[in-house]
Amino acid sequence: MQRVVCDTKKRRGLVDSEYNTRRQECETGARLLGVRALRDVTPKAFEARQHELGEVTRKRCRHVVTEDQRVLDACRRCKMGTWPSSVA
(Lines give C-alpha, C1' and ligand atoms only; values in the text may rest on other atoms or scores of the structure.)
Protein backbone atom coordinates (compact mmCIF):
# COMPACT_ATOMS: atom_id res chain seq x y z
CA MET A 1 0.00 0.00 0.00
CA GLN A 2 1.18 3.51 -0.81
CA ARG A 3 -0.09 6.76 0.56
CA VAL A 4 0.50 10.21 -0.84
CA VAL A 5 0.22 13.42 1.15
CA CYS A 6 0.23 16.65 -0.83
CA ASP A 7 0.71 20.24 0.25
CA THR A 8 -0.74 22.45 -2.48
CA LYS A 9 0.50 25.60 -0.71
CA LYS A 10 -3.01 26.99 -1.27
CA ARG A 11 -3.66 29.67 1.34
CA ARG A 12 -7.06 29.40 2.97
CA GLY A 13 -8.53 32.06 5.19
CA LEU A 14 -11.28 30.94 7.55
CA VAL A 15 -12.39 34.53 8.04
CA ASP A 16 -12.96 34.97 4.30
CA SER A 17 -14.70 31.63 3.85
CA GLU A 18 -18.08 30.27 4.80
CA TYR A 19 -16.42 27.91 7.32
CA ASN A 20 -17.90 29.54 10.43
CA THR A 21 -21.40 29.57 8.94
CA ARG A 22 -21.16 25.92 7.92
CA ARG A 23 -19.77 24.91 11.28
CA GLN A 24 -22.66 26.66 13.03
CA GLU A 25 -25.16 24.91 10.74
CA CYS A 26 -23.62 21.55 11.60
CA GLU A 27 -23.65 22.33 15.32
CA THR A 28 -27.32 23.27 15.02
CA GLY A 29 -28.02 20.00 13.22
CA ALA A 30 -26.24 17.98 15.89
CA ARG A 31 -28.24 19.72 18.61
CA LEU A 32 -31.53 19.07 16.79
CA LEU A 33 -30.56 15.42 16.36
CA GLY A 34 -29.80 15.18 20.08
CA VAL A 35 -26.08 14.47 19.85
CA ARG A 36 -22.99 16.36 20.90
CA ALA A 37 -21.32 16.02 17.50
CA LEU A 38 -22.33 14.69 14.09
CA ARG A 39 -19.69 11.95 14.40
CA ASP A 40 -22.16 10.33 16.79
CA VAL A 41 -24.81 9.98 14.07
CA THR A 42 -24.82 6.91 11.84
CA PRO A 43 -26.02 7.21 8.25
CA LYS A 44 -29.02 5.06 9.13
CA ALA A 45 -29.95 7.27 12.10
CA PHE A 46 -29.51 10.37 9.97
CA GLU A 47 -31.83 9.03 7.26
CA ALA A 48 -34.47 8.31 9.87
CA ARG A 49 -34.40 11.84 11.32
CA GLN A 50 -33.28 14.09 8.47
CA HIS A 51 -36.83 15.40 8.05
CA GLU A 52 -36.36 17.28 11.33
CA LEU A 53 -33.76 19.56 9.75
CA GLY A 54 -34.09 22.50 7.41
CA GLU A 55 -32.85 22.05 3.87
CA VAL A 56 -29.43 23.71 4.23
CA THR A 57 -28.72 22.19 7.63
CA ARG A 58 -29.77 18.77 6.30
CA LYS A 59 -27.34 19.08 3.37
CA ARG A 60 -24.47 20.13 5.62
CA CYS A 61 -25.14 17.36 8.12
CA ARG A 62 -25.56 14.71 5.42
CA HIS A 63 -22.16 15.64 4.06
CA VAL A 64 -20.48 15.28 7.46
CA VAL A 65 -22.23 12.01 8.34
CA THR A 66 -21.48 10.36 4.98
CA GLU A 67 -17.86 11.58 4.94
CA ASP A 68 -17.33 10.24 8.46
CA GLN A 69 -18.72 6.87 7.38
CA ARG A 70 -16.56 6.85 4.24
CA VAL A 71 -13.43 7.39 6.35
CA LEU A 72 -14.46 4.71 8.86
CA ASP A 73 -15.05 2.28 5.97
CA ALA A 74 -11.64 3.11 4.47
CA CYS A 75 -9.93 2.56 7.84
CA ARG A 76 -11.68 -0.79 8.23
CA ARG A 77 -10.57 -1.83 4.74
CA CYS A 78 -7.00 -0.81 5.49
CA LYS A 79 -7.00 -2.96 8.62
CA MET A 80 -8.48 -5.88 6.67
CA GLY A 81 -5.91 -5.48 3.91
CA THR A 82 -8.52 -4.86 1.22
CA TRP A 83 -7.49 -1.27 0.47
CA PRO A 84 -7.65 0.14 -2.19
CA SER A 85 -9.15 -2.51 -4.45
CA SER A 86 -12.56 -2.32 -2.77
CA VAL A 87 -12.73 1.46 -2.46
CA ALA A 88 -14.09 3.62 -5.27
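- Under the salt bridge (charged side-chain N to carboxylate O under 4.0 Å, His left out) test applied with R60, the options E67, E55, E25 reduce to a single match, E25.
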Name each donor-acceptor pair under 3.5 Å that joins a side chain in residues 44-51 to protein atoms two or more places apart or in another chain, with its distance.
| residue | atom | partner | partner atom | Å |
| --- | --- | --- | --- | --- |
| E47 | OE1 | Q50 | NE2 | 2.9 |
| R49 | NE | E52 | OE1 | 3.4 |
| R49 | NE | E52 | OE2 | 2.9 |
| R49 | NH1 | L33 | O | 2.7 |
| R49 | NH2 | L32 | O | 3.3 |
| R49 | NH2 | E52 | OE1 | 2.9 |
| Q50 | OE1 | R62 | NH2 | 2.3 |
| H51 | ND1 | A48 | O | 3.4 |

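- Here the side chains of R70 and D73 are not in contact, with every heavy-atom distance at 4.5 Å or above.
- Rounded to the nearest 0.5 Å, atoms OG1 (T42) and CG (D68) are 11.0 Å apart.
- E27 pairs with exactly one of R31, Q24, R23 by the side-chain hydrogen bond (donor to acceptor under 3.5 Å, both in side chains) rule, that one being R23.
- The minimum heavy-atom distance between L38 and G29, with the atom names listed, is CD2-C, 4.4 Å.
- A donor-acceptor pair is defined here as one N or O able to donate and one able to accept, closer than 3.5 Å; such a pair exists between the side chain of T66 and the backbone of H63.
- There is no path of hydrophobic side-chain contacts, each under 4.5 Å, that joins L72 to V65.
- The number of heavy-atom neighbours closer than 6.0 Å to CZ of R76, taken from other residues, nucleotides and ligands shown, is above 12.
- Listed here is the closest heavy atom pair of Q69 and P43: OE1-CD, 3.5 Å.
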